[in-house]
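Accompanying notes for the structure given below.
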Amino acid sequence: MAEQNCLVTNDWICGEYLRSRSQELIDATLQHVGITVASVAIGVAVALPLALLARRFRFLAGPILGVTTVLYSVPSLAMFSLLLPFFGLSVSLVVTGLVLYSLTVLVRNILAGLQAVPEEARDAAKGMGYGPLRLLWEVELPLALPALLAGVRITTVSTVALTTVGAIVDYGGLGTLILDGLDTTFKAQVLTASVLCVLLAVTADLLLLGLQRLLTPWTRAPRTRTSRASRKAAATKVAEPA
């Protein structure tokens, strides 16, 4: 009985809220995930050509990185207000704003990854007859994956957080529940939606970390060999007589 009355007493932790509003929580979480995935995917699709331009034409690197940095420095409320005449009160408004915010991290990481590709790897591929596109997709991008995926991880976590700001136009996923809960001082809703938002960010980061480790096994090999060599050296030292 006491647990059922937690809605009446407006407790922070309320099992009855979870049971009675489960569908509302699911819908908000799915909207949050959808906006995040769309924003990051479009961000990568836009950032890759920009990074390629910055690498190909060195004089464009400064302006491209500068513009993306300026975009990231614009406050979210101002950003959405500037985009409002073009997209209206729609989910496209939120996604576009989040894409613009994602570019500063994605462009820098992709560019850094491409620039870190060893020149001898490029020369070897060219000697085997690889054209520019084949060289990019089969040599450069795979070698740039660690930096690229690291950028995607950072962008995804920050996008999960920034998506909540979309609540001001009613497209904020869990942020909409948080804002509504704050307006009505509904404690259980504020706490539950906030915890789900944090769990969503942590889960997304862990999944992307697993994907990164799966797609880039060579980045772990040197550390593994070094670790084994260190353990072997330590064991030998212990075994030596004093």
Side-chain angles (χ1 to χ4, degrees), residues 36-73 95-96 98-160 201-237:
T36 300
V37 171
S39 301
V40 174
I42 296 173
V44 172
V46 175
L48 180 58
L50 290 177
L52 292 174
L53 279 174
R55 188 192 61 161
R56 177 66 178 84
F57 304 102
R58 298 295 179 86
F59 68 92
L60 290 177
I64 289 174
L65 295 176
V67 169
T68 57
T69 301
V70 169
L71 289 173
Y72 192 79
S73 67
V95 171
T96 303
L98 295 176
V99 168
L100 294 177
Y101 280 130
S102 72
L103 293 180
T104 184
V105 175
L106 290 174
V107 172
R108 289 178 182 274
N109 276 63
I110 295 174
L111 181 59
L114 292 172
Q115 291 176 337
V117 174
E119 194 61 37
E120 53 268 24
R122 293 192 180 96
D123 293 339
K126 291 176 182 177
M128 296 172 63
Y130 280 42
L133 286 178
R134 190 180 179 192
L135 175 65
L136 173 64
W137 291 109
E138 296 187 18
V139 178
E140 293 179 319
L141 281 181
L143 291 177
L145 267 181
L148 190 155
L149 291 176
V152 171
R153 286 177 59 197
I154 297 171
T155 300
T156 300
V157 173
S158 63
T159 300
V160 170
V202 173
T203 301
D205 187 54
L206 291 177
L207 288 175
L208 288 172
L209 176 60
L211 179 64
Q212 180 177 342
R213 292 174 63 84
L214 178 66
L215 295 179
T216 59
W218 64 87
T219 59
R220 305 194 304 275
R223 291 196 296 270
T224 302
R225 286 196 295 268
T226 302
S227 178
R228 289 177 179 173
S230 299
R231 289 198 299 269
K232 184 177 180 181
T236 302
K237 185 175 181 179

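This is a predicted model, so every value here is computed, not measured.
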Mind checking what makes salt bridge (Lys or Arg N to Asp or Glu O under 4.0 Å) contact with Arg55, not counting sequence neighbours?
Glu140
Could you tell me the separation between the CG atom of Leu206 and the CG atom of Leu211, rounded to the nearest 0.5 Å?
12.5 Å
Across all chains, not counting sequence neighbours, the side-chain contact (heavy atoms from CB on, under 4.5 Å) partners of Pro63 are none
Nearest non-hydrogen partners of Val99 and Ser39, listed with the distance
CG2-O, 3.5 Å
Between Gly43 and Leu106, which heavy-atom pair has the shortest distance, and what is it?
C-CD1, 3.5 Å
Exercise: identify the closest heavy-atom pair between Ala54 and Leu111
CB-CD2, 4.1 Å
How long is the gap from CG on Leu208 to CD1 on Ile154, to the nearest 0.5 Å?
11.5 Å
Considering only residues two or more places apart or on different chains, which pairs with a residue in residues 150-159 satisfy side-chain hydrogen bond (donor to acceptor under 3.5 Å, both in side chains)?
Arg153-Asp205
When rounded to the nearest 0.5 angstrom, what distance separates CG in Leu60 from CG in Leu50?
10.0 Å
Applying side-chain hydrogen bond (donor to acceptor under 3.5 Å, both in side chains), can you list everything that pairs with Gln115, at least two apart in sequence or on another chain?
none
side-chain contact (heavy atoms from CB on, under 4.5 Å) involving Thr104 - partner list, sequence neighbours excluded
Thr68, Thr69, Tyr72, Arg108
Could you give the distance from CG (Leu114) to CG (Leu143), rounded to the nearest 0.5 Å?
10.0 Å
Does any part of the side chain of Leu48, heavy atoms only, come nearer than 4.5 Å to the side chain of Leu141, both counted from C-beta?
yes
Enter the distance from Ile42:CD1 to Leu103:CG here, rounded to the nearest 0.5 Å.
11.0 Å
Can you name the nearest heavy-atom pair linking Val107 to Ala51, along with the distance?
O-CB, 4.0 Å
Indicate yes or no for a side-chain donor-acceptor contact from Asn109 to the backbone of Ala147 under 3.5 Å, with no hydrogens or angles considered.
yes
Student check: side-chain heavy atoms of Leu136 and Leu52 closer than 4.5 Å
yes
Apply salt bridge (Lys or Arg N to Asp or Glu O under 4.0 Å) to Glu119 and list each qualifying residue two or more places apart in sequence or on a separate chain.
Arg122
